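The next block holds one structure in the form of structure tokens; read it before the comments.
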2 protein chains.
Amino acid sequence: MIRVGVNGYGTIGKRVADAVDSMPDMELVGIGKASPNHTADAAADRGYDIYVPEGRHDRWAEVGMDVAGDVHDLIEASDIVADATPAGMGAEYRPIYEEYDTPALFQGGEGADVAEASFTARANYSEATDKDYVRIVSCNTTGLNRMFAPLHEEYGVERASITLVRCRGEHAVISADPVTMPSHHGPDALEVIPDMGPITTMGMKVPTVRHHFHGVNVELGGEPSAAEVRDLLASQSRIHVVDGDLGIDSGWELQEFALDRGRDRMNLYENQIFEDSITMEGPQLHLFQSIHRESDVVPENVDAIRAMMGEADAAESIELTNDVMGIGDI
Amino acid sequence: MIRVGVNGYGTIGKRVADAVDSMPDMELVGIGKASPNHTADAAADRGYDIYVPEGRHDRWAEVGMDVAGDVHDLIEASDIVADATPAGMGAEYRPIYEEYDTPALFQGGEGADVAEASFTARANYSEATDKDYVRIVSCNTTGLNRMFAPLHEEYGVERASITLVRCRGEHAVISADPVTMPSHHGPDALEVIPDMGPITTMGMKVPTVRHHFHGVNVELGGEPSAAEVRDLLASQSRIHVVDGDLGIDSGWELQEFALDRGRDRMNLYENQIFEDSITMEGPQLHLFQSIHRESDVVPENVDAIRAMMGEADAAESIELTNDVMGIGDI
């Protein structure tokens, strides 16, 4: 039984906590949370022990919410911590994890240098084996790597140009984010799959929620048919090739799709690749995929825990994670 | 003096009417408009004669707005009509233009077969010479062609993959539009510049207004530096390379930029290419550009009129249009 602490209980942390709590080989020690709000109340309802940062205990006492202890206690009591604190705070916590000799995994909001390896289960599970500090790359990079890994193994990825349209604008306009090339996603993908050709990612942001969209061009090392590429991608457990007959073409339809299928918190853990968009012209692959920003890295967190603890190989861990979380049931 | 009628007075039509009215070699006969709303009232304020479709005269009389006659009268009185009716209606009007032997130009909402040629001034001005029916391609395609033409002349366009993020979603989500590849823009660009390599355009729509954004990858026939490409693009009269020091990275900033410079109706007729995004790796060019959907085709309408009337060559027409409209003054 791996005793896991989840430090940070926001968008990613609450989903990682649920996933850890549901795994037969893991025990959720508790969560680290700073503010006693409705999310904390919901966590308590789920039976999760809550640990709070030093100096914050009074605020919890004021609203009458129970706490199990200090975040330092959580770190000490855990075999491993999944850090899901806000971007940049993970690096501040790393010395504290070291102080308690507790391995930790971080999210993609941290820089690559926060950890010894960057991780996507399908691409480089074994790189995390017995490491003390591992970073899960961001949701968009995770989605790219899941697509790149089988394409690179099967055909070779010679070059890619990808426009990432991300759901997080402030004004009701489109922004280049950043205006310079590439966005962090290309270099991050190469951290995980280093031997691909140049990967240029062009980041934009738009005022929407939940689902990012990628306009993808990959130059392959071969010239498979679109049907062959579709079949290869559809055979991947964390890719869902969206049947062209279903009439899904937007984040709105994907939300309805997830809700209709009873997915917890509207989660879509899999890359959603639109079947009708998969096109080949010579070695040039084009497709659209959508990434659910809240949930796609959650199974990667679970797998990274097992990899770092040396408890399972890639195939065993991915299968167990998928089975428990219902990944691939859509 | 070319006597020009503008049939349709929506987003494009009202700007085309203003542009025609401002040209020293053109006379605006009047506009065709169906509904007596605030836009019609503003047109009357500008002194434009208004012609209305058959069967609509009563509605105008009810609100006490004067009309100069029927749209058929406008067509008969004009040397040429710029059709800016809603998408698809231009094809319905074409037999009426033929009936009065009045040449007409159409907008990009019509199919290529509505006309004898598709048109972008910088790319194929002379194709419209002495033609009776010409189509201005859509705002995004016009923007692409202005970029492609100099790149193709200078280096050759071997291949391009472009994600077009368009400002017109209904729900607050991202949609693939269409989910299939390519969107109409790639084939339309090849209508105008036929000898380029494959152009794959991936269309999306998002819930924003005014400015489209393109994530552009072009494989060139040579390997110029980014600075050389920037200089080539900056030398084009309908491309504005946005100085990286100005801090412009979004549609919001572009709106403020246009307003601060006193541009009529917030018009940005030029492609806005972000200097800091222009990147070369081998023969692969990457850049971001933004297209103002309301106004970028307006100078093309003016130039097409001159080309079709055989009144000026490309250089003369483009220079006159730019000069009168203030294109290149930013």
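Quick caveat, the model's predicted, so the values are computed rather than measured. Chain A is the first sequence line, chain B the second, and so forth, proteins listed ahead of strands; every chain is numbered from 1.
With a 4.5 Å cut-off on non-hydrogen atoms, A:Q284 touches chain B through its side chain but not through its backbone. Residue contact with chain B, scored on non-hydrogen atoms closer than 4.5 Å, is absent for A:P182. Of the atoms belonging to A:I278, not a single heavy atom falls under 4.5 Å from chain B. Of the two parts of A:H211, only the backbone, made up of N, CA, C and O, holds a non-hydrogen atom closer than 4.5 Å to a non-hydrogen atom of chain B.
With sequence neighbours left out, B:S138 forms a side-chain contact (heavy atoms from CB on, under 4.5 Å) with B:N140, B:T141, B:H184, B:H185.
Atom CZ of A:R265 is separated from atom OG of A:S295 by 11.0 Å, given to the nearest 0.5 angstrom.
In terms of heavy-atom pairs under 4.5 angstrom with chain B, the leader among A:Q255, A:M204, A:H212 is A:M204. Of the listed residues B:I248, B:N217, B:L254, the one with more heavy-atom pairs under 4.5 angstrom with chain A than any other is B:N217. Options A:V165, A:V242, A:D177, A:I162 differ in how many heavy-atom pairs under 4.5 Å they form with chain B, and the most are formed by A:V165. With chain A as partner, the option from B:L287, B:L164, B:V209, B:T200 having the largest number of non-hydrogen pairs under 4.5 angstrom is B:T200. For the set A:G282, A:P207, A:S175, the entry with the most heavy-atom pairs within less than 4.5 Å of chain B is A:S175.
Panel note: side chain B:S277, backbone A:T180; no donor-acceptor pair is recorded below 3.5 Å. Put simply, the side chain of B:N124 gets close to the backbone of B:S118: a donor and an acceptor are under 3.5 Å apart.
Between B:R263 and B:E270, at least one side-chain nitrogen of the basic residue sits less than 4.0 Å from a carboxylate oxygen of the acidic one, meeting the salt-bridge criterion. The pair B:E170-B:K205 meets the salt-bridge criterion, with a side-chain N (NZ, NE, NH1 or NH2) lying under 4.0 Å from an Asp/Glu carboxylate O. Salt bridge annotation for A:R210-A:E294: present, with a cationic side-chain nitrogen under 4.0 angstrom from a carboxylate oxygen.
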